[in-house]
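Okay, structure first, notes after.
Side chains are part of it too, since the values below use all heavy atoms of this structure and drop only hydrogens, waters and symmetry mates.
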Amino acid sequence: MTHRALIHLNEAAPEKIRAVLQNTTNLLAALGPGTRVEIVAHGPGIAVATEPPTEQLTALLDAGAILCVCRNTLTARGLSEADLHPRAEVVSSGVAHLVVRQSEGWAYLRP
């Protein structure tokens, strides 16, 4: 069975970002190879993709996690894809992405 999980991030507090990254690390370690994880960032949570990347974020992306960033948030903040981590994937709407994935059977986590 392939597990699929969404991790919702809409806060910019460094401790929240650290918690999301650590939860993602723990999830991948516990469920093993083949686990699909998307960190979905919108609103203030896009800080995870606009600040210098941590070693932990890089390791998660190397392990197959996907960092999804909300285009609506980028537009509202006057940012472009060039302002993001180079491996971030832009989705049209962060909240809509969460809804669609959940309807597809993905697990939803909000640390």
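Both V90 and I46 are part of a single hydrophobic cluster, where members link through side-chain heavy atoms under 4.5 Å apart. In the hydrophobic cluster analysis, where Ile, Leu, Val, Met, Phe, Trp and Tyr join through side-chain heavy atoms closer than 4.5 angstrom, L84 is grouped together with L57. Both L28 and L67 belong to a single network of hydrophobic side chains, linked directly or stepwise wherever heavy atoms of I, L, V, M, F, W or Y lie under 4.5 Å apart. One hydrophobic cluster holds both L61 and I7 under the rule that ILVMFWY side chains link at heavy-atom gaps under 4.5 Å.
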task = Evaluate side chain to side chain contact (heavy atoms under 4.5 Å, CB included) for L6 paired with R36, printing each intermediate quantity in order.
result = CA-CA 9 Å; L6 301 165; R36 294 179 58 195; over 6 Å; no

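Heavy-atom minimum distance, S92 versus C70: O-SG, 4.4 Å. Contact record, P111 with V20: CG-CG2, 4.0 Å, taken as the closest heavy-atom pair. L27 approaches V37 most closely through the heavy-atom pair CD2-CG2, 3.8 Å. Minimum interatomic distance between V40 and G94 (heavy atoms only, all atoms of both residues): CG1-O, 3.7 Å.
Under the ring pair (Phe, Tyr, Trp, His ring centres under 6.0 Å) criterion, the residue pairs touching residues 42-70 are H8-H42, with sequence neighbours excluded.
Note that the CD1 atom of I39 and the SG atom of C68 stand 9.0 Å from one another [nearest 0.5 Å]. Expressed to the nearest 0.5 Å, how far CH2 of W106 lies from CD of E38 amounts to 4.0 Å. The CG atom of L109 sits 8.0 Å away from the OG1 atom of T24 when rounded to the nearest 0.5 Å. A distance of 5.0 Å separates CG of L31 from NE2 of H3, quoted to the nearest 0.5 Å. Interatomic distance, L21 CG to L9 CG, rounded to the nearest 0.5 Å: 8.0 Å. In this structure, CG in L74 is found 8.0 Å from CG in D83, a value given to the nearest 0.5 Å.
For H85, there are no ring pair (Phe, Tyr, Trp, His ring centres under 6.0 Å) partners two or more places apart in sequence or in a different chain. Residues satisfying the side-chain hydrogen bond (donor to acceptor under 3.5 Å, both in side chains) test with Q56, not counting sequence neighbours, are Q22, T25. Remark: N10 engages R110 in a side-chain hydrogen bond (donor to acceptor under 3.5 Å, both in side chains) (not counting sequence neighbours). Taking E81 as the reference, R71 meet the side-chain hydrogen bond (donor to acceptor under 3.5 Å, both in side chains) condition, with sequence neighbours excluded. For E55, there are no side-chain hydrogen bond (donor to acceptor under 3.5 Å, both in side chains) partners, not counting sequence neighbours.
Of the possible polar contacts, one joining the N23 side chain to the A19 backbone as a donor-acceptor pair under 3.5 Å is found. Checking side-chain atoms of T73 against main-chain N and O of V69 turns up no donor-acceptor pair under 3.5 Å. Formation of a donor-acceptor pair under 3.5 Å by the R4 side chain with backbone atoms of A107 is not found in this model.
Residues P44 and K16 have side chains not in contact (no heavy-atom distance under 4.5 Å, counting atoms from C-beta outward). Using a 4.5 Å cut-off on side-chain heavy atoms (C-beta onward), R18 and P14 make contact.
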